Participant: 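Take a look at this one; I'll ask things after.
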Amino acid sequence: MAESAESSKDYFVTTVNEDRATICWGCGLRLLLPTHAPVFKCGWCGAITSQNVNKPETKCLWGRRLQDRCFVTILSIFMLFLICGGVWAVHWFVFSVSYTFGIFHYILTAILAATTVSTFSLSAFRCAGTPPTVLWGSYPVVGKGDLENYTFCHYCVKPKSPRAHHCRSCGTCVLDMDHHCPFIGNCVGAANHRHFIAFLFSAVFSTIYISFLSAYAGLHIWPPVKYRSLGHLNGSGRDLAIRAFKEVMLALVSSAVQLSARGLILVYLFVSSVSLQIGLSVLLWQQLCYIYEGKTYLSHLSSQGSGGDHIEEKDCQNIFRFFGCPYSIFRYLPTLRNSPKRHAK
């Protein structure tokens, strides 16, 4: 019976064109392509291979790194100037208000400075996120589906997970990469994204405090503003408003010339802190919106390019999960839904 069953089977032998055969980089198996497809996926390990890939040049890598180091150096000097210059400029003022206010000012300044510098250092000098190391290259080692949706990074010459992205400025693959920030000279990824958000929060609070304190202290040492002919302006409408504005600006400039070095530093602290406050607040809001949507900046761009086929769930739970809290805050609050109902007798 067995021999008759085997004889009833039909065997077909055919020739395969070499142009339609390729080797999977993930498991090393020989694959047959139905067409001359530039991108294909291995049916065994799940790795994705692109045949039309030209390895880009990396000659400008040192120039990008030098540019990042210059940005980090400039930002570090600027932060030290804001801290040291702000402490020197308002020292006389905070203790002239009261001794308690002076002590409170120095304690709050030390906390904000330590928090901002530490979170900046962790964001700038910590590894942004290393993709997991996987086995690849040969069939006995790679199991079925071990490299699902993995691609091959021709820069690093190793597998790249779906959650990783190669940064040309850093010259390495970064896990859950959000973007490359030149001001910290590093990528924002899975390992330092929380530190980057904490740095933005600390920097925003610090600039708010600096702007209010420098404005309040500057008003007490600003020379008296003398208007030349503000009360004798004639006319109406737009011309009167323009002439009044010019008169006010001339009076402010003439009084600003009489400012001391301490007053000029207070003016600079106010202008720079307000400018930084606006820019950092916009960046922080954008980052929190992406976290709320369960995305990164790069995944947001890829979802727009693909037409928004993959839609993430927008939930506040994404924010709690991002900051290391697996449960929502409402889990720890008393709820009325689970409490027993009380009926009046």
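All heavy atoms count here, side chains included; hydrogens, waters and symmetry mates do not. Quick caveat: nothing in here was measured; it's all calculated off a predicted structure.
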Participant: Please tell me whether Thr116 and Ser202 have a donor and an acceptor in their side chains that are separated by less than 3.5 angstrom.
Facilitator: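 Yes, side-chain donor-acceptor contact under 3.5 Å.
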Participant: Check step by step if side chain to side chain donor-acceptor pair (under 3.5 Å) holds for His180 and Asn186.
Facilitator: CA-CA 6 Å; His180 180 86; Asn186 195 9; 5.8 Å; no
Participant: Can you find a heavy atom in the side chain of Tyr150 that is under 4.5 Å from one in the side chain of Pro162?
Facilitator: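 Yes, side chains in contact.
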Participant: Determine whether more than 12 heavy atoms belonging to other residues, nucleotides or ligands lie under 6.0 Å from atom CZ of Arg163.
Facilitator: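 For Arg163, atom CZ is not crowded (no more than 12 foreign heavy atoms under 6.0 Å).
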Participant: Could you check Phe81 against Tyr268 for side chain to side chain contact (heavy atoms under 4.5 Å, CB included), going step by step and ending with a plain yes or no?
Facilitator: CA-CA 11 Å; Phe81 173 75; Tyr268 178 77; 3.3 Å; yes
Participant: Just wondering, are more than 12 heavy atoms of other shown residues or ligands nearer than 6.0 Å to OH in Tyr139?
Facilitator: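 Open.
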Participant: Nearest 0.5 Å, what's the CZ-CZ distance between Phe183 and Phe120?
Facilitator: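 One finds 10.5 Å between CZ of Phe183 and CZ of Phe120.
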Participant: Can you confirm whether Val188 sits close enough to Ser123 that some side-chain heavy atom of one is under 4.5 Å from a side-chain heavy atom of the other?
Facilitator: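 Heavy-atom side-chain distance check fails, nothing below 4.5 Å.
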Participant: When the ring planes of His300 and Tyr290 are compared, do they come out parallel, tilted or perpendicular, using 30° and 60° as the limits?
Facilitator: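 His300 vs Tyr290 ring planes: tilted.
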Participant: Report, as yes or no, whether the 6.0 Å neighbourhood of atom CH2 on Trp285 holds more than 12 heavy atoms from other residues, nucleotides or ligands.
Facilitator: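 No.
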Participant: So does Phe323 have more than 12 non-hydrogen atoms from other groups sitting under 6.0 Å from CZ?
Facilitator: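 Yes, CZ of Phe323 has more than 12 neighbouring heavy atoms, counting only those of other groups under 6.0 Å.
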Participant: Enter the distance from Asp68:CG to Cys181:SG here, rounded to the nearest 0.5 Å.
Facilitator: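 If we round to the nearest 0.5 Å, Asp68:CG and Cys181:SG are 9.0 Å apart.
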Participant: For residues Trp25 and Ile48, report the shortest heavy-atom separation together with the two atoms involved.
Facilitator: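 Closest approach of Trp25 to Ile48: NE1-O, 3.0 Å.
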Participant: Taking atom types as modelled and ignoring hydrogens, do the side chains of Ser272 and Ser275 form a donor-acceptor contact shorter than 3.5 angstrom?
Facilitator: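 Short answer, no.
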Participant: Is there a side-chain contact between Ile197 and Phe322 in this structure, where contact means two heavy atoms from C-beta onward sitting under 4.5 Å apart?
Facilitator: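 Yes, at least one pair of side-chain atoms sits under 4.5 Å.
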Participant: Applying side chain to side chain contact (heavy atoms under 4.5 Å, CB included), run through Leu298 and Asp178 and close with a yes or a no.
Facilitator: CA-CA 6 Å; Leu298 290 180; Asp178 185 83; over 6 Å; no
Participant: Quick check: closest heavy atoms across Leu269 and Gly86, and the distance to 0.1 Å?
Facilitator: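 That would be CD1-CA, 3.6 Å.
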Participant: Could you pull out the closest heavy-atom pair between Ser273 and Ile210, with the gap in Å?
Facilitator: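 Smallest interatomic distance, heavy atoms only, reads CB-CG2, 3.9 Å.
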Participant: Decide side chain to side chain contact (heavy atoms under 4.5 Å, CB included) for Asn318 and Tyr292; before the verdict, give the C-alpha distance in whole Å, the side-chain angles of both, and the deciding distance to 0.1 Å.
Facilitator: CA-CA 6 Å; Asn318 294 329; Tyr292 173 76; 5.8 Å; no
Participant: Just so I know, are the side chains of Tyr155 and Thr172 near enough to count as touching, which here means a heavy-atom distance under 4.5 Å?
Facilitator: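 A side-chain contact under 4.5 Å is absent here.
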Participant: Please work out whether the ring planes of His154 and Phe152 are parallel, tilted or perpendicular, with thresholds of 30° and 60°.
Facilitator: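 His154 and Phe152: perpendicular rings.
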Participant: Nearest heavy-atom pair of Arg69 and Gly185: which atoms, and what distance?
Facilitator: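 Smallest interatomic distance, heavy atoms only, reads NH1-O, 3.6 Å.
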Participant: Do Val87 and Cys84 touch side chain to side chain, with heavy atoms closer than 4.5 Å?
Facilitator: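 Of all side-chain heavy-atom pairs linking Cys84 with Val87, none is under 4.5 Å.
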Participant: Test side chain to side chain contact (heavy atoms under 4.5 Å, CB included) on Ser169 and Arg65 and set out the steps.
Facilitator: CA-CA 7 Å; Ser169 298; Arg65 291 181 177 176; over 6 Å; no
Participant: Roughly how far apart are Ile291 CD1 and Arg194 CZ, rounded to 0.5 Å?
Facilitator: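 Taking CD1 in Ile291 and CZ in Arg194, the distance rounds to 10.0 Å.
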Participant: Between Tyr209 and His105, do the side chains contain an N or O donor and an N or O acceptor separated by less than 3.5 Å?
Facilitator: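 The answer is yes; a qualifying pair exists.
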Participant: With a 4.5 Å cut-off on side-chain heavy-atom distances among I, L, V, M, F, W and Y, is there a chain of contacts connecting Leu112 to Val274?
Facilitator: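 No, because Leu112 and Val274 fall into different hydrophobic clusters, even though each may have its own neighbours under 4.5 Å.
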Participant: With a 4.5 Å limit on heavy-atom distance, are the side chains of Ile184 and Phe196 in contact?
Facilitator: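 Heavy-atom side-chain distance check passes, below 4.5 Å.
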Participant: Tell me whether Phe212 is reachable from Val204 by hopping between hydrophobic residues (I, L, V, M, F, W, Y) whose side-chain heavy atoms are closer than 4.5 Å.
Facilitator: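 In one cluster: yes.
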Participant: Looking at every heavy atom in both Gly171 and His166, which two are closest together, and how far apart are they?
Facilitator: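 Looks like C-CE1, 3.7 Å.
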Participant: Let me confirm one number: the CD-CG distance from Glu293 to Leu288, rounded to the nearest 0.5 Å.
Facilitator: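 Going from the CD atom of Glu293 to the CG atom of Leu288 covers 11.5 Å.
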Participant: Quick one: do Leu108 and Val94 end up in the same hydrophobic cluster if we chain Ile, Leu, Val, Met, Phe, Trp and Tyr together by side-chain heavy atoms under 4.5 Å apart?
Facilitator: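 Shared cluster, yes.
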Participant: Let me have the donor-acceptor pairs involving side chains of residues 142-149, under 3.5 Å, with sequence neighbours excluded, atom names and distances please.
Facilitator:
unit_1, atom_1, unit_2, atom_2, d
Lys144, NZ, Gly43, O, 3.3
Asp146, OD2, Gly143, N, 2.6
Glu148, OE2, Lys41, NZ, 2.6
Asn149, OD1, Lys41, NZ, 3.1

Participant: Any donor-acceptor pair under 3.5 Å linking the side-chain atoms of His91 with those of Tyr106?
Facilitator: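 A pair is found: one side chain offers a donor N or O, the other an acceptor, under 3.5 Å apart.
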Participant: When you measure from the side chain of Ser76 to the backbone of Val72, do you find a donor-acceptor pair of N or O atoms at a distance under 3.5 Å?
Facilitator: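 Between the backbone of Val72 and the side chain of Ser76 there is a qualifying donor-acceptor contact (under 3.5 Å).
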Participant: Once the angle between the rings of Tyr297 and His179 is folded into 0 to 90°, is it parallel (under 30°), tilted (30 to 60°) or perpendicular (over 60°)?
Facilitator: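 Perpendicular.
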Participant: Is the backbone of Gly218 close enough, under 3.5 Å, to the side chain of Arg262 for a donor and an acceptor to pair up by distance?
Facilitator: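 Such a contact is absent between Arg262 side chain and Gly218 backbone.
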Participant: For Cys173 and Cys153, work out which heavy atoms get closest and say how close.
Facilitator: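 Scanning both residues completely, I find the closest heavy atoms to be SG-SG, 3.5 Å.
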Participant: Can you hop from Leu213 to Val267 via hydrophobic side chains spaced under 4.5 Å?
Facilitator: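 Leu213 and Val267: separate clusters.
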Participant: Decide whether Ile319 and Leu284 are clustered together by the hydrophobic rule: side chain heavy atoms of Ile, Leu, Val, Met, Phe, Trp, Tyr closer than 4.5 Å, transitively.
Facilitator: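 Yes.
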Participant: With a cutoff of under 4.5 Å between side-chain heavy atoms, which Ile, Leu, Val, Met, Phe, Trp and Tyr residues group with Ile74?
Facilitator: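 Its cluster mates, by chain and number: none.
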Participant: Which word best sums up how the rings of Phe101 and Phe104 line up, parallel for under 30°, tilted for 30 to 60°, or perpendicular for over 60°?
Facilitator: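 If you compare the ring of Phe101 with that of Phe104, the planes turn out tilted.
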Participant: Do Cys42 and Cys27 come within less than 4.5 Å of each other through their side chains, counting heavy atoms only?
Facilitator: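 A side-chain contact under 4.5 Å exists here.
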Participant: Roughly how far apart are Leu283 CG and Leu200 CG, rounded to 0.5 Å?
Facilitator: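 Separation between the atoms: 5.0 Å.
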Participant: Got a second to check how far Ile265's CD1 is from Leu82's CG, nearest 0.5 Å?
Facilitator: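 Atom-to-atom, Ile265:CD1 and Leu82:CG are 11.0 Å apart.
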Participant: Should Phe78 and Leu276 count as side-chain neighbours, where that means a heavy-atom distance under 4.5 Å?
Facilitator: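 A side-chain contact exists here, since the closest heavy-atom pair is under 4.5 Å.
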Participant: For residues 124-137, run the donor-acceptor check on the side chains, cut-off 3.5 Å, and write out each pair with its distance to 0.1 Å, sequence neighbours left out.
Facilitator:
unit_1, atom_1, unit_2, atom_2, d
Arg126, NH1, His195, NE2, 2.8

